[in-house]
Each structure stands twice: as structure tokens, then as C-alpha cells.
Amino acid sequence: MEFFRQTKTINFMGQSKIAIAVSIVLVLISWGILAAKGLNYGIDFAGGTIVQVKYEGAAPIDTVRDTLATNPLYEGAQITEFGSPEEIIIRLKTSSKDVQSDMGDVTREALKGTGSFEVRRVDIVGPKVGGELREKGVMAMLLAILGILIYVAVRFEWRFAVASIAALIHDVSIAMGAISLFAIDVNLDVLAALLTLLGYSLNDTIIVFDRIREGVTASKSIELADVINESVTKTLSRTTLTSLTTFFVVLTLFMFGGEIIHAFAFTLLVGIIVGTYSSIFVASPILMWFGFNVGNYRTKLAEAARRRAEKEKMRSMYEQGTV
Amino acid sequence: MKLNFRVIVFAAAILFGVVFSVPSLLQTDKGTKITLGLDLQGGLHMLLGVKTEEAVNSRLKAIASGINHFSEREEVLIDGLAADDESVRFTLLDGDDAPAMDKMLADIEGLSVVHEAESYRLSLTPEAVQKTQKQAVDQAIETIRNRLDQFGLAEPTVARQGEDKILVELPGIKSAEEEQRARELISRAAKLELMAVDEERKMRAYTMTADEAARFGDVILPDAEKAGGKYLVREIPILDGSMLTDAQVAFNQNNQPVINFSLNSEGAQIFGDFTGKNVGNHLAIVLDGQVYSAPVINERIGGGHGQISGSYTVEQAQDLAIALRSGALLAPIFMLEKRSVGPSLGADSIKASMIALIGGFVLVFAFMIVYYKMAGIIANIALVANLFLIIAVMAMFGATLTLPGMAGIVLTVGMAVDANVIISERIRELLYQGVSIHKAIEEGYANAMRAILDANITTLIAAIVLYVYGTGAIKGFAITISIGILASMLTAILGTHGIYEMLETRIAKSKNVGFWFGVSKKKAAA
């Protein structure tokens, strides 16, 4: 089967102005949402308590609400259905420090008489730990970006590194905008998804860049726009197909992976779509903006090749003993 | 058909993968298998903090009681001995004793002494404070580990995390009651003290205030059994739990569980002397600041054995004996983070992620075959091999599979085919250009290699950062992703290349590129 039969190069760069405009608008909207709504930090980062309770049969959620409303310990508690009508989750902003008896025990007592249930999960994160995790999370993001930046700069050229980081920021911004918009709880798993997204988005961008690098030396044209168009067209099939397979998988994770993996899968789902788009429409135009010059790059490559050849020659001469 | 090193390596990898993943997949008893994370098998995860400042405080108290002891023995008169969180203070009544006192203080490690005229102020040096705090954490880890070892749980983990935190993981906790029992056992201070009851003033225990008691060098302690019961005892204990060598559960004549304890030779000596001198008086057995019993001393008790009785169940008595045996916590601990997952939730999580894994797998599998025909089948073989390899390597390193780890595997399935998509697309491209099949395969691999390497290395960088900065479950995700990437390099690049090489003559002979690469003939010829 073949979807991509075009031998004709698609003029992506011709559309780049529109694409960049769309991207800028999307990123700005995302930042706007983030600024206005903020992130909904889950207990991993904000600290707090989560108690997950499963009832035999449908959970009497109203009774639970009424019961807990009378208890001052549960002031401001959120009680919501979780995944199925049998299960509820109780979220508290407070966390208990006592080792011997905690909110899990207290909740078990408090809910006595509301039916037959089982406490399936109790997560308590103290505010200090939450703060530390948040710091570490931001640190991880920054370090990952830095590591990637250095690697790409060494393997390609600094402009490629800057362009790929711009694409990354684009992707992560939009994904975070979506997280904020849908009020997804930001926990460690969402952070993991964002970091995976970093890797994934980069994956895509680098494969396109690799083609551009190859195209720079192989293409007949020395116009960067032409080279990019050729390269993006050639990698289009791969970009789409891989995104498609990954998308399938994440979609099954989203649909069948259960409530706990929901936020993780959602983040990735958004990320894959945005990441695919950005590797085609965002990363490459930026390369052009930064004034990447095909002619210069060729000269540089030729220079490097010449030097290598010279070294080789010297070595062979040396080895033969005729200096 | 000819063998080549690539196919041989690939076959070896598959063999390795299958052999070492069988124990994990079939959950047999033999062989090393993947440990399931607490989120998948259920269990208790706790991050505990240690109140290290209290360890410093009790170190200062100990120094104070040492000075008290010294002044009594050497008849050095002092006044106003007091200890707080930062220092110990006292005044020397006779200036001529200063050299003796200075000599005694010089022997105490890590002490900084300031004295103006006859008034002394002692504090710990910053190094000594640090050392005391570190010791408190070390000792807490050791104590908790000892207690859990005796509790009889499968593979408890007790590890230091950061400077002053302790990570405790208890897989296989089945019920809320069990969890609570474990938490009680861990957090129990288990500080045993044998104290003398103040016989002169004991009748006033109910009327005295704490300050008044302190003036007589006494403390008021509550009764552990009788609500509202009080005892007036001498502040400085005769003995404490550090001289304990053993504690065992036994039964008294009423068939009630009691705890028999033994003291070391030093403790036995002190205990013997004290009981010898105090026949007819009461001895309070104090545990964690509560008086369990205060029997009358009938005769000198030699041999260093004693008994704690109280109305507890056999299980409680056993836990108490464990706590006593494994020593007291020098500094109290508190909860920083706790995650407990019931076994049924873990099972549900496994089920859900298995469905996702199989679902994703089938979709990708079918897609590859439909789109790439034989090339797709070859890629799928690599994918299956990849999966086995991940499981095998994880089992070998004793890695823990967590829920995010499962997601990592699912994701790897999606991304592992990426390498083969890149390669197949490159081969197709070359075929479109009318290159011979042999050359298309060789060049396809060569061209694809750079991109795949760069892409994988960047993902690996992200995964390593995740591993270094992540905690628990996130680490698990980073591990599966990293192993998945490395495994896919082996299977998807080397393995499939080997298969093509092996089948090359056949592919060349058939000339049916539609069958092999899913390319229409007309197109390829064009």
C-alpha cells in the first residue's frame, strides 16, 4: 500500500508565513490560558491527600458528600467520580504528618455506614516534598533541553539547535495550554509525558533536519527554501506514518489504559499532533529566518572534507615512511 | 538463504530475550523476574522525615546528666544545671573546682565551652550537631530495617533518601489493618526506661503541677492502662533501653501475654544495685513516657531480667517486643509522603495496561503488514523481539515495572517501528529511482542510520535526565524507555538488516517489489 506517491515537491515554505502565524497565535493563546487559568497542580506538586474508594455497586456520592461536609477535617474536599460509577476520589489540600494514623484511616472511619466499600489508594504528599518535586521537575525539563541543545549543535549546526528548541518550546507550550484548558491535574505522570513529548517532538524534527543536511549537499538548488521543501516532502511519509502508529498506541492507552493513565495519555495525544505539525511547519522556517546559508554550509562542508582528506594523505605518507 | 553475522546476533538476542523473559511472563517461581512496582502489586510507599533537632536536644540532655553524675561523684558543687535546645548551662559554686570541671568537659567530644567567671555555657560545635543529626537518621534507618525484618514481610526496602529522609517500601501489604500495624511498628519510639517512684511524695501525684514536680527533680507520667492514672517518678531514669539485650513474649499465670526483657551486664549491675537498695519501694516500668506497671521490689533482682505486663493482645505484645529488641528511635519520625495502593487496584491497573498494550500492538502490527507487506512482517518480528528483550533486560537487572513503566513499553511499541518506517521509506525511495534491490537495501540502511541514531540519542538524553531527576514511578518509565530504545537499535536496525541480507537472493530473484516492500510495480519501474 502507498499513500505518498507524489514525486512532485510540495511547496511547504511557500505556506510558512501562514503556518508560523498560526503557530504564534496558538502559542500565545496557550500562554494566555496558562496565565489566566494556571496549572492545576495535583498533589504530587502541591501537596495534599487523595483517597480513592471503591464501593460495591454504585457509589452513594451524595451521601458521601453530606457525610464529609459535617466533618471539619474535610473542609474544601473535592469528591468526584473516578473512572466508573463505583469509584470515587476524595481530594484534600491538607496532608497529615502523623505516621501512626493518617487521612486514609480517618476516611475509612468517616465513611462507615455509607455502604460497603474498600479504600484502594491513599496518597499523601507533604507540602515540602511537593515543592521539591516541582523544583526537580522544572530542573529536569531545563536540563533535558540543554542536553539536547548541545547534542544538536554538535551534530548539526547551532541554527539547527536553536530551531529545534524553538519547535520544542512551541510543542510544550501548546501541550501545557491544553492541560490548563482542560484542567488536567498536573502530577508526576504528566511531567513524564511532557518529557517524553520533548524526546518525541525532537525525534521528528531531527529526522527532518537530517534530510535537510543531506539535501544541502545533494540538492541541485542552493536556495534553502527549495532544499527544505524537497527534504520535508521526502520525509513526509515517514513523519505521518510514525506519528500515526504512535498515535494509535497512545489512543488505545487513552481509551483503555484506565483512569490513572488518563492524564499521561492525554498529554501525549496532544503532543503527538502538535509535534508532527511543528516538525514540518515550525522548525524549518526558523532555520530560514536565522539565515542559514546553503552556499556557506557547502563551503564549510567542503573545507572539512578537504582537511580530512589532507590528514588522511599525511597519515598514509607518514605510514609509508616518506615524509 | 545465507547466514550472516547480523542474523546470528539477532537470533542470539531473540533467544536471550525469550529465555530470560519466560520467568516474568509465566510468573514462575524459578529464575529472575521483573519485580512489579507497588502501584501494580499493591503495597505501601512512605517517605519519612526525621526530627533531627530532637536528637541534638537529647544529646545535650545526656551531657547534662553526665555533668550531674560527675558533680555528685566528685563532690563538685554546681548550681542551676539546665539544658535547652541549644545549650547546657550551670554555675560552679567553688572556683577551685574549675580545673577538674574543665578536664571533665574536655573529654566530651564536639563540645564548645564558654565560661565567664564561674558560669558555664556549653553547646555543640556545628560539626558535632551535624554528626548527631546524621547519626539520628542512620540509627532510624537501622532500627526501622530491623523492625521490618522481624515483621515478616516480603522484601521490605528501607533506604536513605537525600540528607535526612528515609524511603520505606513495603510490597505485599494486603489490608488496611496490616498497613496500620506496619506503620505503628515503624513509628514507635520504643524508649524503655526503668524509673524510681518518688516514695516520699507519690501521694501528691494527682495534685502536683509539672513545674512543682520538676522542682523536686520529679516528673509526672500517665498510666498506660488506667485512663487518668498518674505516677510521680524521679526524673533521671535508673536505666534506659540502650542496655537491653533481648525482649520476648511470654505468658503469665493468667495466660496474659507479657514481655520478658534481659539487660546487658552493665545494666544488670545497676538494676541489681538499685533493687538491692530499694526493697519495699516501687519501680516504674516506663515505655514511651507511659507507666506500664509499678511493682513493689520484693528483693534484690540479680541476673538482669525484668517483665512488662499490660493488657495487650498477643499480636501487640509481639510488635512491642520487636520494637524493643530493635532499639529505640533516637529522634521521632514523621510522614512526608505516603502512597498506598490496594492489591485490587494494582490488578486493575495491570489489566488496563495489558489491554492497551495488546490493543496498540495489534493495531501497529496490522498497519505494518498492510502497508509494507513482507517488509512490515519483518519489522513486526523485530518488534516482538524488542518486547521480549525489554522484559528480559529488566528482569536481569532486577528493575521494577511500574504503571508508567507499562506506559513506557506501550509507547516503545509505537516508537520502535519508527526505525523500520524510516528504513522502509528510504528503500522505497531508492526503488522508485530504479535502483537494484540489493543496492536499495544497502543504501536504504546506510541513509537511514544517521537519522535514526540522532533521533534515538536525543530521546535517550531526555530519558536519562528523567531517570536522574525522577522519583519512583518516573524512574521506572525512564528505564523502560531507555531499554526500549537500545533494544530497538539492536532489533529494528541490525536484526531486520540481517533478515534482508539472508533473504536477498530470493528477493532479487522474485523481482516482486510489491510483495516485498508494498510498492506497486509500475511505480517502482518509473
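All chains are named by letter (A, B, ...) in the order of the sequence lines, taking the proteins before the strands, and each is independently numbered beginning at 1.
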Q: Specify the closest pair of heavy atoms between B/Ala182 and B/Ile173, including all atoms of both residues, with the distance to one decimal.
A: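 Closest heavy-atom pair between B/Ala182 and B/Ile173: CB-CD1, 4.1 Å.
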**Q.** Nearest non-hydrogen partners of A/Gly48 and A/Ile43, listed with the distance
**A.**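 Heavy-atom minimum between the residues: C-CG2, 3.8 Å.
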Measure distances from [X] to the heavy atoms of chain B and classify the residue's part below 4.5 Å as side chain, backbone, both or neither.
X: A/Thr245; value: both
X: A/Leu268; value: side chain
X: A/Ile124; value: both
X: A/Ile50; value: neither
X: A/Glu259; value: neither
X: A/Val129; value: side chain
X: A/Val250; value: side chain
X: A/Asp189; value: backbone

I'd like to know which of [options] tops the heavy-atom pair count under 4.5 Å against chain A.
options: B/Glu337, B/Arg181, B/Glu179, B/Lys338; value: B/Lys338
options: B/Gly359, B/Ala356, B/Gly342; value: B/Ala356
options: B/Val364, B/Asp348, B/Ile333; value: B/Asp348
options: B/Asn447, B/Leu336, B/Ile355; value: B/Leu336
options: B/Ala451, B/Ala462, B/Gly42; value: B/Ala451
options: B/Ile464, B/Ile452, B/Thr458, B/Leu48; value: B/Thr458

Kindly indicate whether the side chain of [X], heavy atoms from C-beta on, has any atom under 4.5 Å from the side chain of [Y].
X: A/Leu197; Y: A/Leu194; result: yes
X: B/Val468; Y: A/Leu143; result: no
X: B/Leu401; Y: B/Met406; result: yes
X: A/Val249; Y: B/Leu363; result: no
X: B/Met489; Y: B/Leu453; result: yes

Among the listed options [options], the residue most often paired with chain B at heavy-atom distances under 4.5 Å:
options: A/Lys234, A/Met255, A/Met141; answer: A/Lys234
options: A/Phe248, A/Phe264, A/Tyr151, A/Phe256; answer: A/Tyr151
options: A/Val125, A/Thr205, A/Val122, A/Ile207; answer: A/Val122
options: A/Lys128, A/Arg108, A/Lys54; answer: A/Arg108
options: A/Gly258, A/Gly257, A/Ala193; answer: A/Gly257
options: A/Lys136, A/Glu132, A/Glu118, A/Arg211; answer: A/Arg211

Q: Apply salt bridge (Lys or Arg N to Asp or Glu O under 4.0 Å) to A/Glu230 and list each qualifying residue two or more places apart in sequence or on a separate chain.
A: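 A/Glu230 satisfies salt bridge (Lys or Arg N to Asp or Glu O under 4.0 Å) with no residue once adjacent residues are dropped.
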Q) Listed by chain and number, what are the salt bridge (Lys or Arg N to Asp or Glu O under 4.0 Å) partners of B/Asp454, not counting sequence neighbours? A)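 Scan of B/Asp454 (salt bridge (Lys or Arg N to Asp or Glu O under 4.0 Å), adjacent residues dropped) gives A/Arg155, A/Arg213.
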Q: Could you label the plane-to-plane angle of the A/Phe209 and A/Phe160 rings as parallel, tilted or perpendicular, counting under 30° as parallel and over 60° as perpendicular?
A: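 Because their plane-to-plane angle is over 60°, the rings of A/Phe209 and A/Phe160 count as perpendicular.
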Q. Relative to each other, are the rings of A/Phe45 and A/Tyr41 parallel, tilted or perpendicular (30° and 60° limits)?
A.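 Because their plane-to-plane angle is over 60°, the rings of A/Phe45 and A/Tyr41 count as perpendicular.
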Q: Would you check, one step at a time, whether the test side chain to side chain donor-acceptor pair (under 3.5 Å) holds for A/Ser243 with A/Tyr200?
A: CA-CA 10 Å; A/Ser243 299; A/Tyr200 179 82; 3.2 Å; yes
(Q) Under 4.0 Å between a side-chain nitrogen and a carboxylate oxygen: does that hold for A/Arg91 and A/Asp123? (A)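 So A/Arg91 does not pair with A/Asp123 through a salt bridge.
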Q. Quick one: do A/Asp44 and A/Arg134 make a salt bridge, cutoff under 4.0 Å?
A.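 Looking at A/Arg134 together with A/Asp44, the answer is no, because their closest N to O distance does not fall below 4.0 Å.
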Tell me, for [X] versus chain A, whether the close heavy atoms (under 4.5 Å) come from the side chain, the backbone, both or neither.
X: B/Leu357; result: neither
X: B/Glu429; result: side chain
X: B/Leu44; result: neither
X: B/Asn420; result: neither
X: B/Ile461; result: side chain
X: B/Lys165; result: side chain

Q: Report the C-alpha distance between B/Asp319 and B/Arg188 in whole Å, list the side-chain angles of each, state the deciding distance to 0.1 Å, and finish with yes or no for salt bridge (charged side-chain N to carboxylate O under 4.0 Å, His left out).
A: CA-CA 10 Å; B/Asp319 287 353; B/Arg188 175 151 233 164; over 6 Å; no
